Amino acid sequence: MKDWIVFEDKKILVVHKPAGLAVQNRSFGRPDLESMLKNYLKEEETGAKNRIPYLGIVHRLDQPVEGLLVFAKDKAAAADLSRQITNGQMEKRYLAIVCGKLKTREEVFLRDWMVRDGKTHMARIADRGEKGAKEARLSCRLLKQWDQEALVEICLDTGRFHQIRLQMAHAGLPLAGDRKYNPDGGGDSLALCAYALAFHYPGDQKRMVFELPKSKLKRFYRE
């Protein structure tokens, strides 16, 4: 557990979630990051052994996605970080391997409308006026082009369900290993990582920036 913790103090926890682990799990008996972190916090506490530690989930990553998450250790910090997400002050950057070739090295902006389908646990592109449709915006830039795949950096401007996976697939650049939106794509697992995270520290509002080193991103920085 400690190997996953990137930063910790009295107010926040920044964690590198591995791929395949759910942030929360409704199924009894299946491990999830929330339960593991609460157990870790309880073991680290001195005194009040029967007290359940507070852990505020501020944002999430899909189960097959690895990357950085910030958790709050008190309600005030949770409210502050949640406000930053609402106001667009929290920056999240992703690395992805997509199937296909990008036509430009210039930054590409995608804007779509999406609807979440609870029955299929997927999302789909929708018309702007459709009931339940929400705007989805992201930017994408090419980092490296291989033969039939490319490494891209993606910055989210909105945080919709399966947004990156759906928008990139809709743009003709589906993610490698995405069994939902690219069932014929290569790779055994989803090639998507939230590798950089920036926000203002709750309280003094000092800007904090976290980025996973290339040594932990060997799948993406291949030759």
Side-chain angles (χ1 to χ4, degrees), residues 1-27 30-44 52-96 116 121 123 136 138 153-166 175 177-178 189-203 205-220:
M1 183 80 257
K2 286 188 176 182
D3 292 340
W4 300 350
I5 296 174
V6 177
F7 176 86
E8 179 182 9
D9 69 0
K10 293 182 179 180
K11 292 187 177 183
I12 64 172
L13 267 172
V14 178
V15 179
H16 179 192
K17 183 188 88 69
L21 179 66
V23 175
Q24 285 180 307
N25 204 327
R26 295 179 181 178
S27 301
R30 297 182 64 183
D32 61 66
L33 186 57
E34 179 189 28
S35 299
M36 295 171 74
L37 286 174
K38 284 185 175 180
N39 289 336
Y40 161 76
L41 292 174
K42 190 170 184 179
E43 290 173 359
E44 293 294 306
I52 299 175
Y54 178 87
L55 184 72
I57 298 177
V58 178
H59 60 130
R60 293 169 172 80
L61 291 173
D62 292 341
Q63 185 167 338
V65 181
E66 72 166 302
L68 294 170
L69 290 163
V70 59
F71 293 86
K73 294 174 72 174
D74 61 50
K75 292 183 178 180
D80 191 310
L81 292 168
S82 296
R83 175 187 54 77
Q84 292 182 47
I85 292 177
T86 302
N87 295 341
Q89 294 176 303
M90 185 176 290
E91 179 184 344
K92 292 170 279 186
R93 287 183 287 153
Y94 295 76
L95 291 176
R116 179 173 179 173
H121 199 61
L138 63 77
E153 181 188 57
I154 297 170
C155 295
L156 283 179
D157 193 30
T158 55
R160 307 303 181 199
F161 175 77
H162 287 181
Q163 179 180 338
I164 292 175
R165 300 164 68 178
L166 176 61
L175 272 60
D178 191 344
S189 58
L190 182 64
L192 181 62
C193 175
Y195 85 103
L197 179 66
F199 53 88
H200 297 286
Y201 185 77
Q205 297 300 299
K206 179 181 178 181
R207 188 70 168 167
M208 302 189 78
V209 180
F210 300 92
E211 186 171 320
L212 293 175
K214 286 187 177 182
S215 61
K216 293 184 178 293
L217 300 166
K218 293 180 180 180
R219 178 185 183 186
F220 298 90

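Note that the numbering runs from 1 along the sequence shown for the chain. As the structure is a prediction and not an experimental result, all values here were calculated from the model. Hydrogens, waters and symmetry mates are skipped; everything else that's a heavy atom, side chains included, is used.
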Roughly how far, to the nearest 0.5 Å, is the [atom2] atom of [Y] from the [atom1] atom of [X]?
X	Y	atom1	atom2	result
Ile57	Leu81	CD1	CG	13.0 Å
Arg116	Leu166	CZ	CG	12.5 Å
Lys10	Asp74	NZ	CG	11.5 Å
Tyr195	Lys214	OH	NZ	9.5 Å
Lys92	Leu68	NZ	CG	12.0 Å
Ile52	Leu41	CD1	CG	12.5 Å

Do the side chains of [Y] and [X] get nearer than 4.5 Å, heavy atoms only?
X	Y	result
Phe199	His59	no
Arg93	Cys155	yes
Lys38	Ser35	no
Arg165	Leu190	yes
Leu192	Leu61	no
Asp32	Gln63	no
Met208	Val14	no
Leu33	Trp4	yes

Nearest heavy-atom neighbours spanning [X] and [Y]:
X	Y	result
Leu37	Leu13	CD2-CD1, 4.2 Å
Ile12	Lys73	O-CD, 3.7 Å
Asn25	Pro31	ND2-O, 3.8 Å
Ile154	Ala96	CD1-CB, 4.0 Å
Ala78	Tyr54	CB-OH, 3.6 Å
Cys193	Leu212	SG-CD1, 3.9 Å

Could you go through the side-chain contact (heavy atoms from CB on, under 4.5 Å) check for Phe161 and His121 one step at a time? CA-CA 9 Å; Phe161 175 77; His121 199 61; 3.8 Å; yes
Output yes when a side-chain donor or acceptor of [X] lies under 3.5 Å from a complementary backbone atom of [Y], and no otherwise.
X	Y	result
Asp62	Pro64	no
His16	Val6	no
Glu66	Lys17	no

Looking only at the side chains, is there a donor atom on one of Asp80 and Gln84 sitting less than 3.5 Å from an acceptor on the other?
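A donor-acceptor contact under 3.5 Å links the two side chains.
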Handout entry: Parallel, tilted or perpendicular: ring planes of Phe7 versus Phe210, cut at 30 and 60 degrees
Key = tilted
Could you walk me through whether Tyr201 and Asp9 pass the side-chain contact (heavy atoms from CB on, under 4.5 Å) test, one step at a time?
CA-CA 11 Å; Tyr201 185 77; Asp9 69 0; 2.6 Å; yes
Exercise for the section: Let me see the working for Arg207 and Glu91 under salt bridge (Lys or Arg N to Asp or Glu O under 4.0 Å), right down to the final yes or no. Expected result: CA-CA 11 Å; Arg207 188 70 168 167; Glu91 179 184 344; 3.6 Å; yes
